[in-house]
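Since the structure comes first, as structure tokens, the remarks are kept for the end.
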Number of protein chains: 2
Amino acid sequence: MRDVAAAAGVSVATASKALNDQGRMAEETRARVQQTAKALGFRPNGLAQSLSRRRSFTVGLLTNDTYGRFTLPVMSGISDALVDNGVSVFLCNIEDDPALAQTHVDAMLEKRVDGIIASGKRIDRRLPVDLSGLGIPVIYAFSEPDPDSIGFVSDDEGGARQAVEHLIRLGRRRIAHVTGPSSFRVVHQRAAAYRDALGAAGLAGPDQGVLVGHWSEAWGHEAAGYLFDGIGSPPDAVFCGSDQIARGVVDALRERGRRVPDDVAVIGFDNWEIVAAATRPPLTTVDMNLKALGREAGLTLLQLVDRQPIEPGVRKLPCRLLVRQSCGAPPAG
Amino acid sequence: MRDVAAAAGVSVATASKALNDQGRMAEETRARVQQTAKALGFRPNGLAQSLSRRRSFTVGLLTNDTYGRFTLPVMSGISDALVDNGVSVFLCNIEDDPALAQTHVDAMLEKRVDGIIASGKRIDRRLPVDLSGLGIPVIYAFSEPDPDSIGFVSDDEGGARQAVEHLIRLGRRRIAHVTGPSSFRVVHQRAAAYRDALGAAGLAGPDQGVLVGHWSEAWGHEAAGYLFDGIGSPPDAVFCGSDQIARGVVDALRERGRRVPDDVAVIGFDNWEIVAAATRPPLTTVDMNLKALGREAGLTLLQLVDRQPIEPGVRKLPCRLLVRQSCGAPPAG
């Protein structure tokens, strides 16, 4: 579709509509696009064709993630998945305000978006707006889904397990876990996976166990004090619940004259590049693959628009470990 | 309008449309809103009324700012300004891709947005799409405006002057400037204001003058080496072109045993809170007031929608100095 659009000198959306006999445009334009498509041997796929009959080529994305660090990658993934169909993603920030949320949902419905994707800053909270019974498909991506709806979240247990197993493979034996507040479900999920991975390797972890605190650099600093200034033997690795915490731990270790990764290996979580890449040394971290999550959410929304039957439920998508330098070289082989 | 909406149990957008005899809704709903408004003594203002006749209550916001650090505050400001009119802001990220940009602009036009605000990650670059002749109002906010259009940018000279004058008032005399790449216009504007402020105070600045590099922590580190590891007498203050640079300078000073602010005062730029507040000590920094900039852009767009005559040209909005702890206490009085 992109090739056809480029060759015909029109946008992808226009090309798509021209080939589906939809939308307003000069008949000359429509004819030119159709001739170009024929000349290039373009064959629309069945999904795109069946969708085109009732599509507005826009998707609404709701979020309460003020900094956009989770939602902007999700948005980029949705765009990537749908751009060949000329679909635009409209983001509205509802800032945890129910009245604002309703205003934006009304506006999206009035603009006849093909569907709405609800996103947020944590996966265990609903947005403050009821999205059931809107008459258009709704998908939850990185936010708590309504019952009987379709949601995509990251597999936090799997991500935590990858992190701890990486440390064990590198020969670390006293692995601590410094994480965020216990009001977050992911804190429990990641801590459980951390304990399971240690147990499976016959390791007990250091005496301090799991340190629960805040999603901040300052907490990373403070926790490093608990771990390294006490009288017990200190950990040789710290698995952190966020890159910001890991940044605090790494800085605190440097100030104590402990070398990362030589003396202590550190792993973060989020792969928030602006923090992870700026840490010295750059952080090995768990990437939640939010762009891929957005892509899946976008493609699934298209299937719903096409009235394909999709099982409700929550899909957990795999995280991946992004290796930088804070754990040392991976073992040979 | 918000009170009427709440009392009538409808959204602000619905209330607004009900009172302006617009939009699709049950006649019963419209009647209820109108009775509620009468009972509450609601008087729509003239601007809102005259606008309502041709408004869709949505504004499109285009950006290429992947991290959203500049655009999300602008978006929040636009929303704030327009929420009483039930206006929604739809953000589309065009990622520097002309074809994607055209697709999104097409989609916005098709959705009949009241106007488009073009935003970006720097104020001296145009977005890769032609927004002239669209037939709807266009405003540029934190991006390079087209000739004869209306733009809002931050007053970077003014912000830099405030920063340097703050340091001078605190008694600093050897003030260095560490900033980003010379390909950015703001680098020249801020450096000129820095030199002017020093000159006006009869100060020459340290030998190294202005250090031009990158917008990164790593560059802050490197520059601190040039400033503090040489043989000349070191600066007693560093004015940095971004909070990330300032973060690098502060960390490098700590590692050299130099105290901030006692030995060296440091000022950042951006007030990117996630960096500025996490620095130890927290950064005093120049805030570009992007939320206020968004608010101005939104209100001006409303005036254009209302066909009020607005002079074209670029408006420079004032920055403000946000005092935290990296420069020490402000002088008495």
Side-chain angles (χ1 to χ4, degrees), chain A residues 2 5-6 10-14 23-24 56-58 60-61 65-69 71-73 75-76 79 83 86-95 97 99-108 110-113 216-218 221 244 247-248 251 254-255 272-275 277-280, chain B residues 2 5-6 10-14 17 23-24 56-58 60-61 65-69 71-73 75-76 79 83 86-95 97 99-100 102-108 110-113 216-218 221 244 247-248 251 254-255 272-275 277-280:
Chain A
R2 271 195 280 203
V10 299
S11 73
V12 175
T14 300
R24 291 167 291 108
S56 78
F57 297 91
T58 46
L61 178 61
D65 173 23
T66 316
Y67 285 113
R69 56 204 270 201
T71 296
L72 292 180
M75 180 171 185
S76 162
S79 275
V83 72
V87 171
S88 290
V89 185
F90 287 167
L91 173 72
C92 281
N93 194 331
I94 61 172
E95 293 176 12
D97 176 340
L100 197 59
Q102 193 58 54
T103 296
H104 291 334
V105 170
D106 288 353
M108 287 177 173
E110 194 152 291
K111 301 289 174 245
R112 305 194 173 284
V113 295
S216 69
E217 285 192 44
H221 264 278
Q244 286 171 284
R247 172 73 192 257
D251 285 356
R254 185 183 312 106
E255 288 162 33
W272 195 25
E273 200 166 331
I274 215 115
V275 173
T279 302
R280 294 172 306 139
Chain B
R2 270 195 280 203
V10 298
S11 74
V12 174
T14 300
K17 281 170 264 187
R24 290 165 293 108
S56 78
F57 298 92
T58 46
L61 178 61
D65 173 23
T66 316
Y67 286 112
R69 57 204 272 201
T71 296
L72 292 180
M75 179 172 185
S76 164
S79 275
V83 72
V87 171
S88 289
V89 185
F90 286 166
L91 174 72
C92 281
N93 195 330
I94 61 173
E95 293 176 13
D97 176 340
L100 197 58
Q102 193 59 54
T103 295
H104 291 334
V105 170
D106 288 354
M108 286 178 174
E110 194 152 291
K111 301 291 174 240
R112 304 195 173 284
V113 295
S216 69
E217 286 191 44
H221 264 278
Q244 286 171 284
R247 172 72 191 258
D251 284 356
R254 186 184 311 107
E255 286 161 35
W272 196 25
E273 200 166 332
I274 216 112
V275 174
T279 302
R280 294 172 306 139

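Chain letters run A, B, ... following the sequence lines, proteins first and then strands; every chain starts at 1. All heavy atoms count here, side chains included; hydrogens, waters and symmetry mates do not.
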Fill in the blank from the handout: Highest number of heavy-atom pairs under 4.5 Å with chain A among Val275(B), Val87(B), Asp106(B) belongs to Asp106(B)

Practice task
Among Glu95(B), Gln244(B), Arg254(B), Glu255(B), single out the residue with the greatest number of heavy-atom pairs under 4.5 Å to chain A.
Solution key: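 When all of Glu95(B), Gln244(B), Arg254(B), Glu255(B) are compared, Glu255(B) has the most.
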
Practice task
Find the one option among Glu273(A), Gln102(A), Glu217(A) whose heavy-atom pairs under 4.5 Å with chain B are most numerous.
Solution key: Glu217(A)

Exercise for the section: Sort out for me which of Val89(A), Thr58(A), Ile274(A), Leu100(A) touches chain B most, counting heavy-atom pairs under 4.5 Å. Expected result: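 With the most close heavy-atom pairs to chain B, the winner is Ile274(A).
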
Under a 4.5 Å heavy-atom cut-off, does chain A meet the side chain of [X], its backbone, both or neither?
X         : result
Ala99(B)  : neither
Ser76(B)  : both
Val10(B)  : neither
Ala278(B) : both

Practice task
Measure the acute angle between the ring planes of Phe90(A) and Phe90(B), then classify it against the limits of 30° and 60° as parallel, tilted or perpendicular.
Solution key: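 Plane angle under 30°, so parallel.
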
So, for [X] and [Y], which heavy atoms are closest and what is the spacing to 0.1 Å?
X         : Y        : result
Leu72(A)  : Leu72(B) : CD1-CD1, 4.2 Å
Leu61(A)  : Met75(A) : CD2-CB, 3.6 Å
His104(A) : Ser88(B) : ND1-OG, 2.6 Å
Gly68(A)  : Pro73(A) : O-CD, 3.7 Å

Handout entry: Euclidean distance, Glu110(A) CD relative to Lys111(B) NZ, rounded to 0.5 Å
Key =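 One gets 12.0 Å once the value is rounded to the nearest 0.5 Å.
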
Handout entry: Leu91(A) and Asn93(B), any side-chain heavy atoms less than 4.5 Å apart
Key = no

Problem - Thr103(A) versus chain B, the contacting section by heavy-atom distance below 4.5 Å - result: both

